[in-house]
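The structure appears right after this line, and notes come after that.
Every number for a ligand or one of its atoms is a count from 1 in the order of the listing.
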Amino acid sequence: MENKVLSHWPSILKILETETSPVSFQTWFKNLKPLSVNDNVLTIETLDDFSRDILKTRYIRLIQNAIAQVTHYEYEIKIVTPNEANQIQKSKNTTNKEDSSDPLDNQSNLNPRYTFDTFVVGNSNRMAHAAALAVAEAPAKAYNPLFLYGGVGLGKTHLMHSIGHYILAQNPSAKVLYASSEKFTNELINSIKDDKNQAFRNKYRNIDVLLIDDIQFIAGKERTEEEFFHTFNTLHEDSKQIIISSDRPPKEIKTLEARLLSRFEWGLIADIQPPDLETRIAILRKKAELERLTIPNDVILFVAKSIVSNIRELEGALNRIIAYSTLANKEINIELASEALKDLMSSDKPKTITTELIQEVVASYFNLKPEELRSKKRTRNVAFPRQIAMYLCRRLTDLSLPKIGEKFGGRDHTTIIHGFEKVAQDIEKDRELQQTILELEKRITGK
Ligand SMILES: Nc1ncnc2c1ncn2[C@@H]1O[C@H](COP(=O)(O)OP(=O)(O)OP(=O)(O)O)[C@@H](O)[C@H]1O
């Protein structure tokens, strides 16, 4: 059964928009995502605990009414955070229960917000964006497959959906299908269980564009790899476009079958790096513009400097500030922003510390670009911050010396040891440097 809530979600949002103030709509409703319907319960995802609590206490009835106006059906509403949604998904996966009323079935599953228009291009994603656009303009002709990889929350899904939207805008009858590799796996398992393998194959092989997100999850799952291999071959032979995303390059997906690995390398592999400061600022400005909000420059800068390695978190921080301002009925300024982000900054949740994060923080501290730390430049204004970044990489990550060297433009591990020792010695006698290192560590670890 195709669920009406999802297909009519834009109309439901329109009703909510007319029934609430613009700020309230932007803050609480615009980002809601209907996830699934089970019996009478509709699960909707919101951005964080804060929004979930507000929605639960103040707006459930309003949402129910808006949905009922469109679907003529009254659902029980369950609001969840992305973490809770993941938990639900995980428990579903382990029980392998088929959700026959999955609202995403029979759709291309594209998020209307993820288009090229709303994607900000910067140094960190320029190449991936150009490749995505080339594929969108000439599906199955430019690069096939297109393999996009990068860390969490850096825009892979956004770019994939943008390709889908673009192709559909050019050719509305194109069959575009987006699925996470988990969904692909679950549907395959269910199809085997229910003896519906042919239906599964029809679904994934009779399409023009296949977008598979987070492919790393199929690695090591033999049956899924096998099925994906045949799906891939069929589509590729029929000149259909395949776009794949992953959190790492194909070669680093351990236990991925060699024949799949080699196919992933047939087309183009493009990476997305964490955004530099300028791009983070541009993303925040774009978001404010889309939400029709005026956010002071110093607040934008504050957020952009506070959240460096994940665009989802960057957006979440801005949403939080907007929510605080709405609730407290106060204008957005730097005091309000620091208050709103206080918990986020001092959160106990361990941050993933990567060399990219360290390079970004160190570069920003010394007014450099992260690329300069990876470059061959040897002037002291670059060389010393680079040694500091190497020192911090060695202290704060578990990476081996050669791996760190690789992340600094392919330097030899002896250079890393030299950098580390130089800084370690200087700290002994230089109090100012001690303070600098402490400050950098604080910014990197968020503690
Ligand atoms: N360049 C960009 N311009 C504007 N928004 C962006 C950009 N990159 C990412 N975003 C936004 O950041 C959020 C996270 O992006 P997305 O979900 O595409 O990340 P991802 O790389 O697929 O993450 P994951 O690894 O968790 O699947 C989305 O809301 C997306 O719109």
Side-chain angles (χ1 to χ4, degrees), residues 26-27 30-33 35 45-48 51 81-83 85-86 89-90 109-133 136 146-166 178-184 211-219 243-249 252-253 269-291 295 300 303-304 307-320 322 349 351-352 354 356-357 360:
Q26 304 293 346
T27 314
K30 200 167 170 227
N31 293 311
L32 291 180
K33 206 162 83 185
L35 293 181
E45 185 185 296
T46 184
L47 295 169
D48 49 27
S51 319
T81 60
N83 267 347
N86 277 341
Q89 186 59 37
K90 270 193 201 136
N109 303 347
L110 300 177
N111 183 330
R113 289 190 301 128
Y114 293 171
T115 62
F116 283 123
D117 288 345
T118 56
F119 191 86
V120 174
V121 183
N123 288 334
S124 54
N125 58 28
R126 197 177 304 285
M127 145 105 171
H129 172 266
L133 195 58
L146 171 63
F147 191 103
L148 297 169
Y149 76 90
V152 173
L154 293 184
K156 302 180 292 292
T157 308
H158 190 138
L159 265 187
M160 293 178 101
H161 285 219
S162 306
I163 301 174
H165 285 302
Y166 191 100
Y178 165 85
S180 64
S181 72
E182 276 173 314
K183 188 172 163 74
F184 182 88
L211 307 138
I212 294 282
D213 214 347
D214 289 325
I215 195 77
Q216 72 274 5
F217 291 122
I218 72 162
I243 298 133
I244 300 162
S245 86
S246 165
D247 65 350
R248 63 204 90 160
E252 283 179 26
I253 310 182
I269 300 176
D271 70 326
I272 305 187
Q273 292 294 324
D276 52 25
L277 183 67
E278 289 77 10
T279 313
R280 296 201 298 277
I281 292 174
I283 290 172
L284 291 168
R285 290 225 170 95
K286 179 93 186 174
K287 185 152 170 72
E289 177 197 311
L290 287 171
E291 312 257 326
I295 313 268
I300 297 261
V303 180
I307 313 270
V308 298
S309 61
N310 180 328
I311 299 176
R312 189 175 296 116
E313 284 181 9
L314 192 68
E315 290 186 342
L318 190 64
N319 284 332
R320 214 180 161 86
I322 298 168
K349 116 178 144 161
K351 252 188 176 175
T352 319
T354 60
E356 284 80 8
L357 170 65
E360 173 70 43

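Interface atoms of ligand 1 facing Asn125, defined by a heavy-atom separation under 4.0 Å, are 1 (N). Close contacts of ligand 1 with Thr118, meaning ligand atoms under 4.0 Å from a residue heavy atom, involve 3 (N), 4 (C). The Gly151 neighbourhood of ligand 1 comprises atoms 21 (O), with distances under 4.0 Å to a heavy atom of that residue.
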Inset, instruction - Decide yes or no on side-chain contact (heavy atoms from CB on, under 4.5 Å) for Leu154 and Asn125, but give the supporting numbers first. - result: CA-CA 9 Å; Leu154 293 184; Asn125 58 28; over 6 Å; no
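Ranking the protein heavy atoms by distance from atom 1 (N) of ligand 1 puts Val120 O, 2.8 Å first. Scanning the protein heavy atoms around atom 23 (O) of ligand 1, the nearest turns out to be Gly153 N, 2.9 Å. Scanning the protein for heavy atoms near atom 30 (C) of ligand 1, the closest one is His158 ND1, 3.3 Å. Scanning the protein for heavy atoms near atom 6 (C) of ligand 1, the closest one is Ile311 CG2, 3.7 Å. Considering only non-hydrogen protein atoms, atom 22 (O) of ligand 1 sits nearest to Thr157 OG1, 2.5 Å. The protein atom (non-hydrogen) at minimum distance from atom 28 (C) of ligand 1 is Tyr114 OH, 3.5 Å. Residue, atom and distance of the protein heavy atom nearest to atom 17 (O) of ligand 1 are Arg312 NH2, 2.9 Å.
The closest heavy-atom contact to atom 9 (C) of ligand 1, among the options Pro275, Ser245, Gly155, Ala128, comes from Gly155. Here atom 27 (O) of ligand 1 lies nearest to Asp214 when heavy atoms of Asp214, Leu159, Leu314 are compared.
Once rounded to the nearest 0.5 Å, the distance linking OG1 of Thr279 with CD of Gln273 reads 12.0 Å. The CD1 atom of Ile212 lies 7.5 Å from the CE atom of Met160; values are rounded to the nearest 0.5 Å.
Scanning both residues, Phe147 and Arg248, for their nearest heavy atoms gives CE2-O, 3.7 Å. Closest heavy-atom contact between Leu357 and Thr354: N-OG1, 3.0 Å.
Ligand 1 has a nitrogen or oxygen under 3.5 angstrom from a nitrogen or oxygen of Lys156. Residue Val152 has no nitrogen or oxygen atom sitting less than 3.5 Å from a nitrogen or oxygen atom of ligand 1, judged on distance alone.
By the 4.5 Å heavy-atom criterion applied to side chains, Val120 and Lys287 are not counted as neighbours. With a 4.5 Å cut-off on side-chain heavy atoms, Thr118 and His158 count as touching.
Remark: Lys33 NZ is loosely packed, at most 12 non-hydrogen atoms of other residues, nucleotides or ligands lying under 6.0 Å away.
Taking 4.0 Å as the cut-off, Gly150 does not count as a neighbour of ligand 1 on heavy-atom distance.
Contacts between Glu315 and ligand 1 below 4.0 angstrom, taking non-hydrogen atoms only, involve the side chain exclusively.
Counting only N and O atoms by type, the side chains of Ser245 and Asp213 include a donor and acceptor under 3.5 Å apart.
A ring-centre distance under 6.0 Å is found for Phe116 and His129.
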